[in-house]
Amino acid sequence: ETGVTQSPTHLIKTRGQQVTLRCSSQSGHNTVSWYQQALGQGPQFIFQYYREEENGRGNFPPRFSGLQFPNYSSELNVNALELDDSALYLCASSSVSNEQFFGPGTRLTVL
Amino acid sequence: GESVGLHLPTLSVQEGDNSIINCAYSNSASDYFIWYKQESGKGPQFIIDIRSNMDKRQGQRVTVLLNKTVKHLSLQIAATQPGDSAVYFCAENKEDSSYKLIFGSGTRLLVRP
């Protein structure tokens, strides 16, 4: 167990809806990164938050947005859901070192 | 562009044998590499890492080799056990301000009893 928790574990939405996924970082970690993992593929970097500010973004459209709170927990918001957004969403927390600790993920299904 | 790829999508080994999982990367500016293990229904689990100023690093039953000349990374698992069955990813990290990880598509390791 890494100490990183995510909620919910599973979620089903329909096309066009909005979704919010949550992540609690490991104690002492001030950085949270979000990744999208499609079935059978490696995780793809969405963005990273450091001390409540976005600190790097991958190749994802603006309808993917996030927040980090003073306790370093984080949210990932996706608007106008598309079928291709169906994936496992992973968050990872880290501190001053590069090592990122992943949570178990949220499985999102868009119908 | 940047990419991290793997040579074999599936590797099947006999329990007790050694396993070697390979990975190629294309960005010579990458300076940090990590191997992750992902079991079904779980997030990636850190196995071992290596920085670009090293060519070998050993852990418990695992060894990572880095060949910067040919941009190749490998993970060696000694005395493979059934619990090693999982998907293994290599990931590339550039130590810039974002610590973005670039993952390959993964190799599935199957351990035969």
Side-chain angles (χ1 to χ4, degrees), chain A residues 1-10 21 23-26 29-51 53-60 66 68 76 87-107, chain B residues 1-10 21-27 30-54 57 59 64 73 75 86-108:
Chain A
E1 298 295 329
T2 63
V4 180
T5 60
Q6 293 187 244
S7 62
T9 54
H10 297 84
L21 311 181
C23 172
S24 292
S25 59
Q26 188 174 81
H29 287 183
N30 55 18
T31 303
V32 172
S33 304
W34 285 93
Y35 293 81
Q36 179 195 67
Q37 186 176 23
L39 197 61
Q41 297 183 21
Q44 299 292 311
F45 177 76
I46 303 175
F47 44 56
Q48 182 183 84
Y49 278 83
Y50 170 68
R51 293 186 175 181
E53 297 288 332
E54 187 177 290
N55 183 42
R57 188 179 181 92
N59 189 26
F60 281 81
Q68 188 178 31
L76 165 64
L88 180 69
Y89 288 85
L90 296 160
C91 80
S93 75
S94 56
S95 184
V96 296
S97 71
N98 285 349
E99 187 174 344
Q100 297 190 20
F101 296 84
F102 283 84
T106 294
R107 173 71 62 187
Chain B
E2 305 164 349
S3 68
V4 177
L6 296 175
H7 294 182
L8 297 173
T10 303
I21 301 173
N22 295 302
C23 174
Y25 66 95
S26 61
N27 191 341
S30 297
D31 48 20
Y32 181 60
F33 304 89
I34 313 103
W35 282 101
Y36 283 94
K37 172 186 180 183
Q38 187 173 27
E39 297 174 283
S40 180
K42 297 183 179 180
Q45 175 188 356
F46 174 92
I47 301 173
I48 192 168
D49 59 1
I50 189 168
R51 298 189 182 281
S52 58
N53 61 351
M54 302 172 68
R57 191 164 188 223
V64 56
L73 193 68
L75 176 70
V87 177
Y88 289 80
F89 294 96
C90 65
E92 164 193 354
N93 182 301
K94 292 192 292 183
E95 290 192 285
D96 57 13
S97 60
S98 69
Y99 297 110
K100 164 183 165 181
L101 289 175
I102 301 170
F103 284 82
S105 57
T107 293
R108 180 172 299 282

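Naming: A, B, ... by sequence-line order, numbering from 1 per chain. Here the structure is a predicted model, which is why all the values come from computation and not from measurement. The figures here come from the full heavy-atom set of this structure, side chains too, leaving out hydrogens, waters and symmetry mates.
Most heavy-atom pairs under 4.5 Å with chain B, from the set A/G42, A/P43, A/A38: that is A/P43.
Looking at A/Q6, neither its backbone nor its side chain comes within 4.5 Å of chain B, counting heavy atoms on both sides. The contact between B/Q38 and chain A is made entirely by side chain atoms (from C-beta outward), counting heavy-atom distances below 4.5 Å.
Distance check, rounded to the nearest 0.5 Å: NZ of B/K100 to CZ of A/F47 gives 14.0 Å. A distance of 11.5 Å separates CZ in A/F102 from CZ in B/F46, rounded to the nearest 0.5 Å.
Under a 3.5 Å cut-off, the side chain of A/Y35 and the backbone N or O of B/L101 do form a donor-acceptor pair.
Closest non-hydrogen pair, B/F103 versus A/Q44, comes out as O-NE2, 4.5 Å. Scanning all heavy atoms of the two residues, the minimum distance from B/G43 to A/L90 falls at CA-CD2, 3.9 Å.
Shown here is A/N59, whose CG atom has no more than 12 heavy atoms of other residues, nucleotides or ligands within 6.0 Å.
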